[in-house]
Structures are given as C-alpha cells and as structure tokens.
Amino acid sequence: MTLQEKDTPIEKGTIKVLHLIDSGGLYGAEKMLLTLVAEQIKQGLEPVILSAGEKGIEDKAIEVEARRLGLPVKAWRMTPGFNLKEAWKILKWAKINEFDVIHSHGYKFNILMGILPRKIRSIPLVATLHGYVNAKRYTKMWLYEVLDRFVLKRIDKVCLVSPHMKSLSVIKKLSPEKVIVIENGLPASISNSKKEIPKEISDFTNEHSFNLLAVGRLSPEKNFAEIIRVLASGEFKKRNIGLSVIGDGSLFYQLKMLRDECGLAEKVQFFGYRSDVVEIMSEFDLLVMPSLTEGLPVTLLEAMREGLPVIASNVGGLPSVLDNGNAGLTYQADKENALHCSLLSIINDSARLAEMSISAKSQFSSRFSSVVMAGSYKLVYEKH
C-alpha cells in the first residue's frame with residue numbers, strides 16, 4: 001500500500017485549510033493540531049494535515065494518529081532543508097485542490113511558504129508559533145530561527161499560543177495588527193473507557209511511594225537533567241521517589257548516562273515515546289516541567305484536565321496557565337536550588353496537592369476549550 005493510498009479522503013467544507021507540519025513525534029504542537037483539525041471539522045471547515053518527512057519514511061506518528069482518529073491527512077515525502085522546489089510543488093497542490101488558507105506549524109513551513117511573495121503564493125498564509133527555542137548561535141536550529149524572523153514579516157497572520165510571547169523581540173518587530181494570541185485548547189474530556197495501565201508502567205510506579213512524571217522531547221530546552229540531579233541530592237536520594245520520563249530525542253543517551261552516574265537506575269526510568277500519556281497520568285502524583293523555555297504545552301493542559309498536580313518553572317506561558325501558582329506550583333527557573341526547594345515543600349503536603357488538582361481542573365474548564373480555540377482560528381481565516 002502506498003502513502004497516497006493510505007491518505008484519508010478529502011471532503012468538501014466551507015473553508016478549506018491546509019495545515020503544514022514536519023513533526024518529530026506526537027508532542028504538544030502535534031496534539032494541538034490534531035485537536036484543532038477535529039474541532040474545525042465539527043465547526044464546518046475542511047481542514048487537511050500535510051505531514052512532511054524525509055524520503056524513505058513510511059509513517060510518522062502524527063499520520064498514524066490522524067488516520068486512527070479519521071482526520072484528513074496527506075503524507076508528503078521530500079528532501080530536507082531549504083527545499084524551495086518541493087515548497088513550490090506543495091503550493092501547486094494546494095492551488096489545484098482549491099485551499100483557501102495555508103496554516104503553517106513550525107519553522108520549516110514558515111520559511112518555505114513565507115519566502116514566496118504573496119503575489120506568487122496568492123493563498124493567505126497563517127502561522128502558529130508554538131514556542132521559540134533561542135538556539136545557540138551558528139547551529140542549524142539558530143539558522144532556522146534567523147530565517148524565520150525574516151519571513152514572519154511576510155506572513156499574513158502570526159498566531160501566538162500564549163500572551164507572554166508578545167514580549168519576544170521577533171514579535172515586537174512585527175506590526176501589531178499582524179499578531180494575535182490564540183491559546184491552545186483541548187476537548188473537555190477523553191473517552192470514558194478506562195484503558196488498562198501498561199504493565200511496565202504499573203510495575204515501576206508500584207515500586208515507589210511517590211511518582212513524578214516528565215513528558216516531552218529529550219532536548220536541552222526541556223531541562224530534564226535538572227530533575228535527575230535534584231533526585232540525586234542527599235535529601236531526595238534516600239526517599240522512595242520514582243521518576244518516569246516519557247519522550248525521545250537527541251539527549252536520550254546523555255540523560256541515561258547522567259542517571260547512571262547519579263546512581264538512580266532504580267528510581268529513574270525512560271519509557272520512550274508513548275501515545276497513551278493521558279491514560280497513564282492516573283499512576284502519578286506530580287507532573288514536573290523544569291523547562292528553560294515554553295509556549296503553551298499541551299501536556300500541561302492534559303494534566304490539568306485530568307487533575308494531575310503540576311510543578312513547573314516560571315518560564316514562558318507556564319505561570320499564566322497555572323493561574324500564577326493557584327492551579328499548580330511554579331518556581332523561579334534562574335534561581336539556584338529553586339526546583340529542589342519547591343519539590344521538597346510539596347511531596348509530603350497531600351492537602352496542597354489535592355487543592356492544586358481541583359484548581360487545575362477549574363482553570364482548564366474555564367479557559368482552555370478546543371471549541372474556543374477553533375472558533376478563534378476560524379475568525380482569523382475569514383478575515384484573510
């Protein structure tokens with residue numbers, strides 16, 4: 001069966017939206033996009049996900065999940081990098097299929113579509129910025145960011161997932177009317193059918209009296225090394241605390257080596273990428289987000305919806321999402337031992353954890369609805 005044969009059929013709707021993404025897994029941006037597409041269909045739009053990947057890749061996680069959910073998806077394989085020839089092919093495909101809007105999710109398509117003059121592109125281009133990494137100078141990611149800053153001026157509408165992103169220097173250089181904040185949203189609930197907790201997860205969590213969960217790409221900005229070092233400190237090392245890390249990425253072997261060097265092989269386990277994060281949240285006592293930079297992480301919203309208490313650094317949109325500490329515990333990211341002290345203050349305070357759970361659910365219900373998110377994007381499309 002070819003990729004094209006597996007693509008979900010496209011049906012007619014009121015506004016045809018082509019979502020462009022080149023994803024490395026099924027993390028925040030990908031989950032947000034799947035949620036947005038599902039809700040857009042309910043609201044009468046005709047969205048399609050074009051998932052790009054290198055030649056030779058049969059399936060990507062977002063494609064598998066989109067097909068499982070019955071969402072329209074087009075797998076597109078291309079040579080990586082600044083591939084303007086392939087961008088032109090995608091644009092031609094979009095015009096042939098009469099899309100009204102192109103919606104980019106990530107540096108790659110911001111650049112490949114934004115570099116094309118509007119007169120040539122003709123289709124309005126909307127971009128959602130899911131977060132800025134601030135990569136080291138002269139790295140590949142840094143080059144992407146430099147190019148992204150240039151092309152954002154040529155994009156019709158730039159959507160930010162959190163109000164704090166307005167303070168980014170790249171956003172301040174844009175015309176105010178070009179920028180809008182649309183916070184991520186999720187459905188009010190997942191399926192009521194409870195799935196059995198995988199044995200490898202339950203076996204590990206049952207060995208510990210208090211269980212921490214960390215979810216995300218194993219990359220520098222997620223800062224998972226900090227929580228490992230905290231658990232290796234004297235006060236925590238003698239406590240029966242387990243840490244489950246879910247995700248994969250470039251730092252896998254480095255983090256695993258750090259764990260082993262700290263003597264935490266029995267307390268820290270790496271479970272790789274999993275698609276059932278929401279279903280297993282009930283096994284944990286606290287979600288830890290020691291990030292150095294964040295936009296509006298979907299994992300955080302999922303935890304709040306499920307009532308899993310959260311401790312997070314005070315970067316990006318995290319304090320706002322957590323209602324400045326009322327719906328979760330935040331700590332000063334640039335303060336030495338801040339995570340250590342904050343974690344120590346909460347792990348034995350069952351009453352505070354229960355309060356955080358209730359407040360988080362309330363905050364989610366009142367603010368982070370997928371219906372509101374999709375409705376806001378629809379207004380953006382209609383104006384362009």
Side-chain angles (χ1 to χ4, degrees), residues 25 27-28 131 133 201 204-205 207-274 277 280-281 283-294 297-300 302-304 306 308-319 321-322 325 328-349 352-353 356 360:
Y27 300 109
V133 176
I201 299 288
F204 183 72
T205 56
E207 292 176 2
H208 304 96
S209 58
F210 196 92
N211 283 284
L212 304 175
L213 174 65
V215 181
R217 290 182 303 276
L218 305 186
S219 52
E221 70 273 11
K222 296 302 180 181
N223 197 28
F224 289 154
E226 183 177 9
I227 184 60
I228 294 175
R229 293 191 185 98
V230 166
L231 294 181
S233 63
E235 293 177 71
F236 284 101
K237 202 164 187 179
K238 58 189 177 183
R239 293 173 181 264
N240 189 22
I241 298 175
L243 169 65
S244 297
V245 181
I246 295 179
D248 52 25
S250 60
L251 296 186
F252 174 78
Y253 293 106
Q254 186 176 327
L255 290 171
K256 192 173 182 181
M257 186 180 298
L258 174 62
R259 176 200 68 178
D260 295 343
E261 289 174 351
C262 292
L264 296 175
E266 295 182 358
K267 292 190 174 184
V268 178
Q269 185 63 265
F270 295 89
F271 289 100
Y273 164 76
R274 300 188 66 94
V277 174
I280 65 174
M281 281 184 172
E283 285 289 289
F284 298 92
D285 301 290
L286 192 65
L287 175 70
V288 185
M289 303 193 76
S291 305
L292 300 176
T293 178
E294 281 288 0
V298 171
T299 297
L300 175 57
E302 290 173 335
M304 294 170 67
E306 301 305 309
L308 175 63
V310 178
I311 180 171
S313 58
N314 65 340
V315 302
L318 301 184
V321 175
L322 293 172
L329 185 62
T330 58
Y331 65 92
Q332 195 170 331
D334 57 358
K335 184 178 180 181
E336 189 176 358
N337 294 325
L339 175 56
H340 179 282
C341 295
S342 297
L343 185 59
L344 194 61
S345 72
I346 197 68
I347 56 174
N348 290 326
D349 193 344
R352 173 68 177 128
L353 288 169
M356 287 164 55

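No experiment lies behind these values; they were computed from the predicted model shown.
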- Within 6.0 angstrom of Lys335 NZ, more than 12 heavy atoms from elsewhere: no

- Between Ser244 and Gln269, do the side chains contain an N or O donor and an N or O acceptor separated by less than 3.5 Å? no

- Task: To the nearest 0.5 angstrom, please state how far the CD atom of Glu294 sits from the CG atom of Leu292.
- Result: 9.5 Å

- Can you check side chain to side chain contact (heavy atoms under 4.5 Å, CB included) on Phe284 and Leu212, steps first, answer last? CA-CA 6 Å; Phe284 298 92; Leu212 304 175; over 6 Å; no

- Task: Quick one: pull up CD1 in Ile347 and CZ in Phe236 and give me the separation to the nearest 0.5 Å.
- Result: 5.0 Å

- Message: Can a donor-acceptor pair be found, under 3.5 Å and without considering hydrogens, that links the side chain of Asp349 to the backbone of Arg352?
- Response: yes

- Message: Looking at Leu339, is its backbone amide N or carbonyl O close enough to the side chain of Ser342 to form a donor-acceptor pair, meaning the two atoms are under 3.5 Å apart?
- Response: no

- Query: Heavy-atom distance under 4.5 Å between the side chains of Ile346 and Met356, does that happen here?
  - Reply: yes

- Given the options Leu255, Leu243, Leu258, Val268 meets side chain to side chain contact (heavy atoms under 4.5 Å, CB included) only with Leu243

- Query: Is Asp285 reaching over with its side chain to a backbone N or O of Asn211, donor-acceptor style, under 3.5 angstrom?
  - Reply: yes

- Item | Pair Glu207 + Lys267: basic N to acidic O under 4.0 Å | no

- Item | Straight-line distance of Phe210 CZ to Asn348 CG, nearest 0.5 Å | 8.0 Å

- Using distance alone, with no hydrogens and no angle criterion, decide if Asp248 and Tyr27 have a side-chain donor and acceptor under 3.5 Å apart. yes

- Would you find a donor on one side and an acceptor on the other, under 3.5 Å apart, between the side chain of Ser313 and the backbone of Ser291? yes

- Is there side-chain contact between Met289 and Leu300, with at least one heavy-atom pair below 4.5 Å? yes

- Query: Got a second to check how far Ile227's CD1 is from Leu213's CG, nearest 0.5 Å?
  - Reply: 11.0 Å

- Query: Side chains of Ser233 and Glu235: donor-acceptor distance under 3.5 Å anywhere?
  - Reply: no

- Side chain of Lys237, backbone of Cys262: donor and acceptor closer than 3.5 Å? yes

- With rounding to the nearest 0.5 Å, note down the distance linking CZ in Phe270 to CZ in Phe224. 9.5 Å

- Working for side chain to side chain contact (heavy atoms under 4.5 Å, CB included), residues Ile246 and Ile280: CA-CA 11 Å; Ile246 295 179; Ile280 65 174; 3.3 Å; yes

- For Gln332, does the CD atom sit with more than 12 other heavy atoms under 6.0 Å from it, leaving out its own atoms? yes

- Are any of the side-chain heavy atoms of Leu286 and Leu353 separated by less than 4.5 Å? yes

- Interatomic spacing from CE in Met304 to CG in Leu322 - rounded to 0.5 Å: 5.5 Å

- Task: Taking the side chain as every heavy atom from C-beta outward, state whether Ile228 and Leu231 have any atom pair closer than 4.5 Å.
- Result: no

- Message: Can you give me the closest heavy-atom contact between Leu251 and Pro220, atom names plus distance?
- Response: CD1-N, 3.5 Å

- Taking the side chain as every heavy atom from C-beta outward, state whether Cys341 and Tyr331 have any pair of such atoms under 4.5 Å apart. no

- Item | Candidate pair Asn223 and Glu221, rule side-chain hydrogen bond (donor to acceptor under 3.5 Å, both in side chains), full reasoning | CA-CA 5 Å; Asn223 197 28; Glu221 70 273 11; over 6 Å; no

- Side-chain contact, heavy-atom cut-off 4.5 Å: Glu306 with Leu287? no

- Could you walk me through whether Ile201 and Phe271 pass side chain to side chain contact (heavy atoms under 4.5 Å, CB included), step by step? CA-CA 8 Å; Ile201 299 288; Phe271 289 100; 3.7 Å; yes

